[in-house]
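A short worksheet on the structure shown next.
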Amino acid sequence: MHSLMFFELAQRNVRLHWLRSLLAILGIIIGVVTIVSMGILGNSLVLAISDSLSTVGDSIIVTPHVGGMGFGGSQSSNLLSERDVEQIRRAATPHVTIPVYSGSSRMKIGSEDTVGTVYGLKSDDIPLLLEIEDGSFLRGSSGAMVGSTFAEENDIKVGSRINLGEKGSVRVVGILKERGMGFDINPDFGIVVEDQWFRQAFEQEEYNQVIVKVKDLNQIEEVKDAIDRTMNRKETTVDVIDTKAILETILTTFGQISMFTTVIGGISLIVAGVSILNIMLMSVTERIKEIGVIRSIGTQRKEVRRMFLYEALILGLIGSAIGGALSIIGGYAVSMVMLQTTEYLFVPSSLVYIVYGVGFGLGTSLISGLYPAWKASNLNPIDALRHE
Amino acid sequence: MEEAINLECDGDTIIRFREVTKVYPLPGGDVVALDKVSLDIGKGDFIAIMGPSGSGKSTLLNLMGCLDTPTAGNLCIKGRNIRGMSDEDLTILRRDYLGFIFQQFNLLPLLTALENVQYPLILKTGSRECLDRCKEVLEAMDLDETLFSHKPSELSGGQQQRVAIARALVNDPEILLADEPTGNLDSKTGAAIMHLLDDLNRNRGKTIIMVTHDPSIAEYAHRVIRIVDGKIS
Ligand SMILES: Nc1ncnc2c1ncn2[C@@H]1O[C@H](COP(=O)(O)OP(=O)(O)O)[C@@H](O)[C@H]1O
Ligand SMILES: [Mg+2]
């Protein structure tokens with residue numbers, strides 16, 4: 001009951017100074033909305049990225065080592081020879097080893113001129129890496145499969161003919177399913193041809209990279225080490241990376257970006273906190289005499305403290321509640337603008353930011369109220385009474 | 001504990017000062033507001049404290065009101081030495097045994113007349129089931145019931161002081177402390193307030209200590225304590 005009276009007093013004071021209370025509440029609202037929207041944006045970004053990544057972290061990618069000192073000069077080609085591939089295959093057994101050619105070329109589709117990536121793969125390996133949307137996998141050596149984005153942009157269909165200039169021309173036998181961003185190959189923006197055709201057209205015998213598909217994720221490290229030991233015994237000839245590690249790095253990076261944006265939201269909340277601190281100090285200064293009166297008629301220090309903390313709490317509560325509600329709209333807006341989708345909004349890991357935001361809003365308000373409340377409660381009753 | 005025995009109040013003494021000194025340390029040098037004051041106030045007394053401005057009247061009253069503690073000497077309220085008492089205990093003493101009446105009324109501006117009277121009672125009992133008692137006390141102060149829901153700013157000075165006295169009385173304290181209670185009122189209203197205080201002293205047995213510089217107001221008291229330069233003369 002006791003507390004109720006102090007709450008009532010605090011509430012009346014908030015209402016009496018409604019304009020400045022409103023401004024402080026506005027500050028909290030903005031802070032909470034920012035923190036939540038940024039949090040939701042960051043989280044949606046991470047979710048969106050991990051969704052658009054094709055690789056599930058089950059591959060090891062072996063590429064020729066670049067930037068070597070070149071002392072021996074033995075590995076100047078920057079490509080992987082048939083012998084290298086054999087060594088890798090042996091080290092990686094029983095997992096599947098897929099050697100890959102890649103290059104880029106001008107292409108003419110109908111009358112349109114463009115540039116695209118060309119991958120050369122053994123026809124047996126293609127189903128291991130890629131899925132088909134339309135048409136069929138490669139059989140003959142002059143066919144090609146086209147990445148979904150590339151096909152869409154250039155209006156390519158099964159049966160279309162792509163002219164690669166003096167390299168020759170290929171007929172499209174299949175359209176690939178959209179694969180998403182990959183760390184190994186990115187066929188969405190190019191075409192896939194048979195290795196034999198690639199060797200001829202690009203006049204290149206050696207491979208650009210080797211992909212090892214590891215069936216059991218727990219063996220990734222082991223296989224990676226085996227390849228590294230075999231290939232880089234004397235000097236570093238190849239770089240061995242696993243997509244799991246890259247995936248983790250990327251996700252941590254985006255996690256950090258999301259953290260950073262949330263911190264920016266936090267800063268705006270601190271500003272709001274300062275404004276609460278400010279109006280609370282004003283409130284204390286204006287009411288020094290009143291504090292003297294209530295102290296002299298038997299109000300304890302802690303009760304004075306409570307009265308002022310309630311005031312901060314009321315501001316924080318209203319601001320955080322409205323802010324929490326508005327941040328759903330804010331989250332919706334940033335998702336639409338930045339990601340063009342809201343599918344990552346109504347998931348627990350995004351919505352939890354509303355809880356954080358409201359919590360931080362309340363916390364900031366209370367912390368901002370601490371000093372003014374302490375100041376009010378420590379006034380000497382006589383001095384406060386004499387105050388005019 | 002020699003001192004404690006020395007300070008023991010007999011049945012009738014409700015406030016006892018023994019060599020009480022109050023010094024305000026100020027940057028420009030210490031101000032001795034009270035200089036070794038000794039005095040006894042009995043239960044049911046009605047005392048006027050008079051003296052020139054700055055002589056220490058308010059300081060004396062504030063010490064009795066447990067708003068401050070002596071720099072030296074001993075001060076006993078209801079047999080309890082307030083020297084060295086914690087702020088919390090002093091606050092409880094103020095709430096339960098002392099009623100304050102101020103020159104500027106000092107009602108809480110956010111509360112209505114009735115709520116101002118309720119305030120100390122809720123502080124003490126923690127309960128709001130006290131409306132009847134508060135109304136009774138207000139009515140006894142001759143305040144019209146239609147004014148109960150008014151804010152202090154909507155009341156005249158005399159009406160505000162009546163509410164303030166009701167607030168001071170609601171916890172049924174034994175001692176009422178009034179610092180120039182009529183100082184902000186015209187003489188007619190002042191006289192009406194003094195009649196109320198006189199009645200409380202006569203018929204309800206309240207011990208009243210009042211600061212005033214008005215001799216006609218001081219006439220209501222049984223005893224006048226004159227103070228000059230922090231000393232009782
Ligand atoms: N809180 C205080 N701080 C410093 N000096 C004070 C304080 N209260 C009173 N004094 C000084 O103590 C002396 C007595 O003051 P006071 O008791 O208020 O006198 P009166 O009420 O008789 O006018 C004055 O010189 C005054 O300036
Ligand atoms: Mg005075």
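No experiment lies behind these values; they were computed from the predicted model shown. A note on names: the letters A, B, ... follow the listed sequences, proteins ahead of strands, and every chain is numbered from 1. Every heavy atom of this structure was used, including side-chain atoms; hydrogens, water molecules and symmetry mates were not.
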Test side-chain hydrogen bond (donor to acceptor under 3.5 Å, both in side chains) applied to B:T189 and B:D186, step by step: CA-CA 6 Å; B:T189 319; B:D186 60 73; 2.8 Å; yes
Candidate pair B:S156 and B:Q159, rule side-chain hydrogen bond (donor to acceptor under 3.5 Å, both in side chains), full reasoning: CA-CA 5 Å; B:S156 72; B:Q159 289 165 340; 3.3 Å; yes
Step-by-step side chain to side chain contact (heavy atoms under 4.5 Å, CB included) determination, B:V163 to B:L114: CA-CA 8 Å; B:V163 177; B:L114 187 59; over 6 Å; no
Step-by-step side-chain hydrogen bond (donor to acceptor under 3.5 Å, both in side chains) determination, A:S349 to A:N43: CA-CA 7 Å; A:S349 60; A:N43 185 62; 3.0 Å; yes
B:R133 vs B:V137, side chain to side chain contact (heavy atoms under 4.5 Å, CB included): CA-CA, chis, key distance, verdict: CA-CA 6 Å; B:R133 161 152 183 79; B:V137 179; 4.0 Å; yes
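A:R287 touches chain B through its side chain: at least one heavy atom from C-beta onward sits under 4.5 Å away, while N, CA, C and O do not. Contact of B:E115 with chain A is made through the side chain alone, with heavy-atom distances under 4.5 Å. The contact between B:L111 and chain A is made by backbone and side chain atoms together, counting heavy-atom distances below 4.5 Å. Interface residue B:F102: only side-chain heavy atoms are found under 4.5 Å from chain A.
Ion pair B:K206/B:E174 not flagged as a salt bridge, since none of the NZ, NE, NH1 or NH2 atoms sits closer than 4.0 Å to an Asp/Glu carboxylate oxygen. Under the 4.0 Å criterion applied to side-chain N and carboxylate O atoms, A:R20 and A:E286 are assigned as salt-bridge partners. Note on B:K135 versus B:E139: no salt bridge recorded, every NZ/NE/NH1/NH2 to OD/OE distance being 4.0 Å or above.
Applying the salt bridge (Lys or Arg N to Asp or Glu O under 4.0 Å) rule to A:E388 yields the partners A:K289; only residues at least two apart in sequence or on another chain are considered.
Within residues 85-95 of chain B, the residues having any heavy atom less than 4.5 Å from a heavy atom of chain A are, in residue-number order, B:D87, B:E88, B:T91, B:I92, B:R94, B:R95.
Among A:L385, A:N13, A:L9, A:T299, the residue making the largest number of heavy-atom pairs under 4.5 Å with chain B is A:T299. With chain B as the partner, the residue from A:I294, A:N380, A:L16 showing the most heavy-atom pairs under 4.5 Å is A:I294. For the options B:L110, B:N106, B:L108, B:T125, heavy-atom pairs under 4.5 Å to chain A are most numerous at B:L110. Here B:D68 is the residue among B:D96, B:N171, B:D68 with the most heavy-atom pairs under 4.5 Å with chain A.
For the side chain to side chain donor-acceptor pair (under 3.5 Å) with A:S3, the lone residue among A:E303, A:E8, A:R306 that qualifies is A:R306.
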